[in-house]
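For reference, the structure is listed below as structure tokens.
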Amino acid sequence: MAHLLFKDINKVYPNGFHAVHDFNLEIQDGEFICLVGSSGCGKSTTLRMVAGLEDITAGEFYIDGKLANQMSSRDRGIAMVFQSYALYPHLTVYENLAFGLTLEGIDADVIEEKVQATAKILGLTEYLERFPRALSGGQCQRVAVGRALIRKVNIFLMDEPLSNLDAKQRVTMRSEIKQIHRSVGATTIYVTHDQTEAMTMSDRIVVMNAGRIQQVGTPYELYFYPQNLFVAGFIGEPPMNFIRGTVEGGHLKTSALDLDLAPIVKDIKAIEGKQVVFAFRPEAIEVDYKGKDKYDIDSQVDLTELLGDTTNVYANVGDVNVILKINPHNTPEMGAQFKFAVPYKAAYLFDSETELVIESNQKRH
Ligand code: ADP
């Protein structure tokens with residue numbers, strides 16, 4: 001296991017492109033960290049700097065308290081799994097797993113022991129004599145993970161390892177990777193653009209946008225306490241609803257709404273006159289809410305999608321489109337008026353200009 005520390009890490013590529021800005025993060029021994037964000041936000045660049053495959057332009061990177069900026073890849077105690085699992089097609093699963101160890105000149109009986117132990121962790125024991133062409137995508141990815149695991153490293157780096165798999169295999173591999181992490185315990189950094197993967201696998205998530213960290217937190221913290229509009233919109237599927245308006249006399253005013261903000265804002269005077277974004281998650285709305293601590297909102301239904309466990313309702317609040325998740329037994333007709341409640345504890349407010357969350361006086365549960 002290893003402890004990692006990033007201090008003001010920056011990456012400027014030789015062509016002048018500034019891919020990572022002032023990246024600061026401490027990763028504890030054995031943590032599972034996901035870097036998540038849209039394509040091009042600097043996730044892989046960060047991972048490659050950890051691996052020593054990319055120079056760090058400025059800042060300090062420490063492994064177990066040792067400055068590692070100039071440390072060679074080989075000395076970092078790292079194994080990496082990429083999106084393309086690139087197994088050797090002419091070698092069996094056994095030989096693929098053993099390949100790196102054979103090159104290092106390790107004794108055959110030690111290799112045998114390690115291959116068997118790794119195959120056992122990954123459920124590959126019965127496939128050891130097979131060639132990659134006779135394996136499913138998920139099994140191939142497991143072999144790729146096995147090749148990294150077999151080397152007993154302290155740091156495990158994964159770059160979109162599941163993106164070549166179909167949806168079902170991805171779900172299975174997600175829990176397998178979690179279990180492997182639990183049994184092996186190596187500090188893990190996992191790169192993905194998929195927020196569901198990040199939410200389900202991580203101890204903590206680092207949300208990135210345009211080369212900058214937006215927020216670091218547990219899945220719970222990011223979902224219930226997003227610090228800015230980007231994180232609020234990125235985490236959660238379907239995404240959070242945003243309704244823009246102005247604060248007048250302590251009320252949110254839009255073409256369709258007039259909501260008293262006092263119950264959900266700590267310092268109501270501080271936001272008077274500001275442009276704000278009123279926000280709530282599709283799944284946080286209520287249809288038969290009995291309490292008084294809520295906003296009642298009228299909408300008109302555009303379209304409904306019955307998913308089985310829920311119905312997605314696409315509706316308009318004035319001229320704003322919103323998505324609502326409701327009980328499928330209460331699915332409204334298209335075109336109907338649809339009244340719903342947003343409990344105060346599920347309502348968020350963001351400053352339109354700074355995009356930062358405005359401090360709430362509500363507990364989220
Ligand atoms: P992500 O992994 O989040 O998709 P990357 O870290 O791969 O993003 O890339 C971040 C940004 O850096 C992108 O805009 C990409 O085009 C740019 N980039 C990546 N590699 C290079 C390079 N060798 N030279 C110049 N720009 C690069």
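As the structure is a prediction and not an experimental result, all values here were calculated from the model. Every heavy atom of this structure was used, including side-chain atoms; hydrogens, water molecules and symmetry mates were not. Each residue takes its place number in the sequence, starting with 1. As the structure lists them, so they are numbered: ligands from 1, and atoms in each ligand from 1.
The ring of Phe278 has its center no closer than 6.0 angstrom to the ring center of Phe242.
Partners of Arg142 by salt bridge (Lys or Arg N to Asp or Glu O under 4.0 Å), not counting sequence neighbours, listed by chain and number: Glu176. The side chain to side chain donor-acceptor pair (under 3.5 Å) check on Thr188 picks up nothing, with sequence neighbours excluded. The side chain to side chain donor-acceptor pair (under 3.5 Å) check on Asp55 picks up nothing, with sequence neighbours excluded.
Electrostatic pairing of Lys269 and Asp267 does not count as a salt bridge here, judged by no charged N lying under 4.0 Å from a carboxylate O.
Ligand 1 is surrounded by Tyr13, Asn15, Phe17, Ala19, Ser38, Ser39, Gly40, Cys41, Gly42, Lys43, Ser44, Thr45, each with at least one heavy atom closer than 4.0 Å.
Stacking of Arg147 on the aromatic ring of Tyr88 is recorded, both the 6.0 Å distance cut-off and the 45° axial limit being met.
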